Colleague: 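Please see the structure below; I have some questions.
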Amino acid sequence: DGGITQSPKYLFRKEGQNVTLSCEQNLNHDAMYWYRQDPGQGLRLIYYSQIVNDFQKGDIAEGYSVSREKKESFPLTVTSAQKNPTAFYLCASSHMGAGGNYGYTFGSGTRLTVV
Amino acid sequence: GEDVEQSLFLSVREGDSSVINCTYTDSSSTYLYWYKQEPGAGLQLLTYIFSNMDMKQDQRLTVLLNKKDKHLSLRIADTQTGDSAIYFCAEGGYQKVTFGTGTKLQVIP
């Protein structure tokens, strides 16, 4: 079955530590995205990529980094520079048609907690 | 910039219709979307409407778009307890999609 897989489901980070969240898709989608979700808030865009080896900052990129070495994979690193990293992180992918974006497929999320 | 607003909470009785409303600001949006999120899970795309359409129906779901007022609504007919979730409205063009803060739908048996 095609889909998008995020791992791990739960992640605990010590202060000052970098951690990497995995996101893999087998939908052959060109575009991939990382969002952060905080309680009672909508989704905020961290980074997105529309093609391999290229990515753009979203609205809240500070303290995060990404890579897109393969079409299927878009890992997110939460660095020690991110001062408030506790949140639910969602990865998504989409097919980009001539008319626009036909909607995202989301992973099941990674809940990151700073301990 | 883009902004999408929704009311935070809606409570309905099982079997009634639910109507979730949304307003957006970007008139250049090509598509408007509705997503559903169950507790602890990712978002699931329910439906989308192209900006030149007024209405789209898909089984129990009806989407209405008033482009002049930049107002989008999602009607769920015969609401069931399994419809309890957070519903997100979103608008987008080619590159980015902007999400609302979500409406929590509570279905009372």
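Everything numeric here is computed off the predicted structure, so don't read it as measured data. The chains referred to below are lettered A, B, ... by the order of the sequence lines, with proteins before strands, and numbering in each begins at 1.
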Colleague: Taking only residues at least two apart or on different chains, which pairs with a member in residues 6-15 of chain B satisfy side-chain hydrogen bond (donor to acceptor under 3.5 Å, both in side chains)?
Modeller: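 Listed by first then second residue: B:Gln6-B:Thr103, B:Ser11-B:Gln106.
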Colleague: Judged by atom type as modelled, is there a donor-acceptor pair below 3.5 Å linking the side chain of B:Arg75 to the main-chain atoms of B:Ile20?
Modeller: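 Between the backbone of B:Ile20 and the side chain of B:Arg75 there is no qualifying donor-acceptor contact (under 3.5 Å).
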Colleague: Let me know if A:Phe88 has heavy atoms under 4.5 Å from chain B in its side chain, its backbone, both or neither.
Modeller: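 The side chain, not the backbone.
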Colleague: If you check every heavy atom in residues 37-47 of chain B against those of chain A, which residues fall under 4.5 Å?
Modeller: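 Those residues of residues 37-47 of chain B which have a heavy atom under 4.5 Å from chain A are B:Gln37, B:Gly40, B:Ala41, B:Gly42, B:Leu43, B:Leu45.
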Colleague: Where do B:Tyr35 and A:Phe106 land on the ring pair (Phe, Tyr, Trp, His ring centres under 6.0 Å) test, with the steps shown first?
Modeller: CA-CA 10 Å; B:Tyr35 288 84; A:Phe106 279 87; 5.7 Å; yes
Colleague: Which atoms of A:Leu43 are under 4.5 Å from chain B, going by heavy atoms: the side chain, the backbone, both sets, or neither?
Modeller: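 For A:Leu43, the contact with chain B is made by backbone and side chain together.
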Colleague: Show me the side-chain donor-acceptor pairs of residues 108-115 of chain A shorter than 3.5 Å, one per line, residues at least two apart or across chains.
Modeller:
residue  : atom : partner : partner atom : Å
A:Thr110 : OG1  : A:Pro8  : O            : 2.6

Colleague: Ignoring hydrogens, what is the shortest heavy-atom contact between B:Gly102 and B:Ile86? Give both atom names and the distance.
Modeller: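 Result for this residue pair: CA-CG2, 3.8 Å.
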Colleague: If you measure from the Lys or Arg side-chain nitrogens to the Asp or Glu carboxylate oxygens, is any gap between B:Asp83 and B:Arg60 under 4.0 Å?
Modeller: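 Between B:Arg60 and B:Asp83 there is a salt bridge, with a charged N closer than 4.0 Å to a carboxylate O.
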Colleague: Using the side-chain hydrogen bond (donor to acceptor under 3.5 Å, both in side chains) rule, collect all pairs that involve residues 43-62 of chain A, keeping only residues at least two apart or in two chains.
Modeller: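 Listed once each, the pairs are A:Asp38-A:Arg44, A:Ser49-A:Arg68, A:Asp54-A:Gln56.
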